[in-house]
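Letters A, B, ... are given to chains in the order of the sequence lines, protein chains preceding strands, and every chain is numbered from 1.
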2 protein chains.
Amino acid sequence: MQYITIKEGVASLIDRGELTANKKLPTERALAEQFQTTRVTLREALTTLEAEGKIHREDRRGWFVSPPSMIYDPTSTNNFNVMASKCGFVPSSKLIQAKQVGASQEVAELLNVPVDTQVYRIDRLRMLDDRPVVVTFNYVIMENFPGLLEHDIESSLTDVYRDQYQKPYAKTHFQIKTSSLLGETAQLLRASTGSPAMLVQRVNYCAEGVLLDCDIEFWRPHAIKIESTASVITTTKNN
Amino acid sequence: MQYITIKEGVASLIDRGELTANKKLPTERALAEQFQTTRVTLREALTTLEAEGKIHREDRRGWFVSPPSMIYDPTSTNNFNVMASKCGFVPSSKLIQAKQVGASQEVAELLNVPVDTQVYRIDRLRMLDDRPVVVTFNYVIMENFPGLLEHDIESSLTDVYRDQYQKPYAKTHFQIKTSSLLGETAQLLRASTGSPAMLVQRVNYCAEGVLLDCDIEFWRPHAIKIESTASVITTTKNN
DNA sequence: TTTTGATTTTGGTCTAGACCAGAATAGCAC
DNA sequence: GTGCTATTCTGGTCTAGACCAAAATCAAAA
């Protein structure tokens with residue numbers, strides 16, 4: 001379990017302040033030499049630290065000390081910009097593409113419509129202090145929001161729903177699980193293929209229970225801490 | 001990117017039904033030979049599949065196809081047993097230890113008490129269909145629940161709070177992030193050291209807002225899917 | 001049949017390299 | 001100083017092994 005020792009060694013470099021947030025770790029070869037091991041073993045140690053959110057990789061760029069993560073409340077109506085600002089980050093967004101497509105199996109299930117129903121698909125990359133942290137895929141039933149793509153959809157869809165269509169967002173159903181980053185999603189996040197991810201899938205409704213959209217979010221795990229408070233009304237008998 | 005091909009190859013074995021839930025994959029050496037590669041590369045492929053929740057490892061036992069995961073609603077008052085039953089699993093619990101300790105830094109912060117405040121610490125392992133899926137560490141302020149350890153705390157603490165102390169659980173604050181499994185926690189879950197984990201931290205309150213306990217839960221990622229519905233009342237202006 | 005002890009298999013971990021393509025850098029021309 | 005290009009560096013990926021301890025299996029004894 002040499003790699004556990006190495007892991008702790010690197011962790012203590014961070015805790016002792018020799019490496020600070022967003023700073024690049026020494027090269028793998030240098031670290032391997034420093035800890036008298038091979039790159040394979042070193043990477044095992046770094047991968048474990050990555051799983052704990054202490055460090056992360058940028059594809060072909062190296063390992064970096066992770067800065068504090070953004071607190072993400074899935075039960076709140078606050079959009080990305082608000083949540084980011086509350087945590088002291090400067091948020092920004094980049095529209096990757098927006099187009100009309102037929103709903104895939106996965107999307108059709110989330111939206112509870114037949115496969116191939118016409119929907120708008122909106123892909124965006126979102127950043128905190130210019131660090132890419134999440135890629136989001138929104139799917140909106142075309143019929144409900146005619147001409148949606150003509151509005152400014154880069155920064156906040158919920159603002160457009162509220163201001164342009166008088167449909168404020170008020171209810172959400174969400175799922176969270178772990179996943180991995182592949183292909184273009186990984187590239188946009190400057191992540192290596194196969195890096196771990198937090199997958200958040202949501203279905204959003206407005207006050208009348210009318211469906212707004214669904215979205216699929218691939219987060220860099222180190223960049224997000226999910227946190228919420230819930231008061232529960234329902235009481236269920238125990239088995 | 002040979003390992004991506006291998007990953008897809010193994011995934012298709014599962015999708016085609018050649019490997020079914022809970023079944024053990026062939027040995028690493030056999031798979032490496034089948035895909036004409038080395039164990040190192042093969043493990044890279046399997047690790048990625050693990051991150052996606054399709055397979056998981058049991059320490060020194062091998063790789064297994066993951067069964068459907070349990071839906072965990074952090075906002076519900078349902079306890080583990082109820083949630084498990086709802087998903088068609090047979091839940092069981094094992095008390096690892098229960099003792100009185102002084103609150104650590106981490107626990108003190110969660111409970112909002114000074115470090116070293118006397119608390120009960122209750123460690124449990126919980127299973128679905130006899131598969132260990134989560135290790136929970138509960139911390140309860142002693143003063144609030146005198147004699148707690150004399151009750152049956154193996155299966156459900158919330159039941160004891162409600163039935164023995166007339167303090168039903170009604171509100172929760174939760175945090176979710178990724179982590180890794182180490183030491184005894186890993187062993188209890190039959191996981192290898194350094195395996196990925198979902199870390200859920202909760203602070204629970206009863207209806208009057210009185211603090212009940214906090215708990216720290218290390219989940220096998222493949223075993224859990226976090227899911228909830230939230231209707232939001234607060235509306236926050238956009239930045 | 002059950003228990004126990006011996007043997008084999010297997011995963012966990014590690015070594016010591018290698019090649020390649022993209023990123024970073026240094027150097028040169030404008 | 002700016003832009004471009006050649007070179008170097010570095011991470012991504014892979015090979016072909018090795019040793020060990022735990023798990024699984026098998027065989028013998030009770």
Over how many whole Å does the gap from [X] atom [atom1] to [N] atom [atom2] extend?
| X | N | atom1 | atom2 | answer |
| --- | --- | --- | --- | --- |
| A:F64 | C:dA23 | CZ | P | 12 Å |
| B:I6 | D:dT13 | CD1 | P | 12 Å |
| B:L181 | C:dG12 | CG | P | 13 Å |
| B:E58 | D:dA22 | CD | P | 17 Å |
| A:K7 | C:dT13 | NZ | C1' | 16 Å |
| A:E33 | C:dC14 | CD | P | 18 Å |
| A:F35 | C:dT13 | CZ | C1' | 18 Å |
| B:R57 | C:dT13 | CZ | C1' | 11 Å |

Is a side-chain donor or acceptor of [X] paired with a backbone partner of [Y] at a separation under 3.5 angstrom?
| X | Y | answer |
| --- | --- | --- |
| A:D152 | A:E154 | yes |
| A:S12 | A:G9 | yes |
| A:N81 | A:A84 | no |
| B:R126 | B:P91 | no |
| B:S195 | B:A191 | no |

Mind checking if [X] touches a base, just sugar-phosphate, or nothing, with heavy atoms under 4.0 Å?
| X | result |
| --- | --- |
| A:T38 | base |
| A:R61 | sugar-phosphate |
| B:T27 | sugar-phosphate |

- Item | Whichever of A:D59 and A:Q36 has its nearest DNA chain C nucleotide further upstream toward 5' | A:Q36

Under-4.0 Å side-chain N/O to phosphate OP1/OP2 contact, [X] with [N]:
| X | N | answer |
| --- | --- | --- |
| B:Y3 | D:dT13 | yes |
| A:Q2 | C:dT13 | no |
| B:K24 | D:dA24 | no |

- Divergence of helical axes at both termini of the helix from C:dT1-D:dA30 to C:dC30-D:dG1 - five pairs an end, 10° steps: 20°

- Would you mind telling me which of D:dA22, D:dG12, C:dT15 lies closest to the side-chain atoms of B:R60? D:dA22

- Candidate nucleotides D:dT15, C:dT15, C:dG12, ranked by approach to the side chain of A:T37 - the nearest: C:dT15

- Task: Using the side chain to side chain contact (heavy atoms under 4.5 Å, CB included) rule, take A:L128 and A:R131 through it: C-alpha gap first, then chi angles, then the decisive distance, then the call.
- Result: CA-CA 5 Å; A:L128 298 175; A:R131 295 173 292 112; 3.8 Å; yes

- Message: Between B:K7 and B:E52, does any side-chain N to carboxylate O distance fall below 4.0 Å?
- Response: yes

- Item | NZ/NE/NH1/NH2 to OD/OE distance under 4.0 Å, B:D59 and B:R61 | no

- Query: Near DNA chain D, which residues from residues 39-49 of chain B have a heavy atom under 4.0 Å away?
  - Reply: B:R39, B:V40, B:T41

- Message: Assess the residue pair A:K177 and B:I224 against the criterion (side chain to side chain contact (heavy atoms under 4.5 Å, CB included)); give the C-alpha distance rounded to whole Å, side-chain angles, the decisive distance to 0.1 Å, and a yes or no.
- Response: CA-CA 7 Å; A:K177 53 181 185 173; B:I224 184 179; over 6 Å; no

- Examine the base of D:dG11 for any acceptor or donor lying under 3.5 Å from a partner atom in the side chain of A:R29, and report the outcome as yes or no. yes

- Task: Measure up the A:H56 and A:F64 rings against each other and bin them: parallel (under 30°), tilted (30 to 60°), perpendicular (over 60°).
- Result: parallel

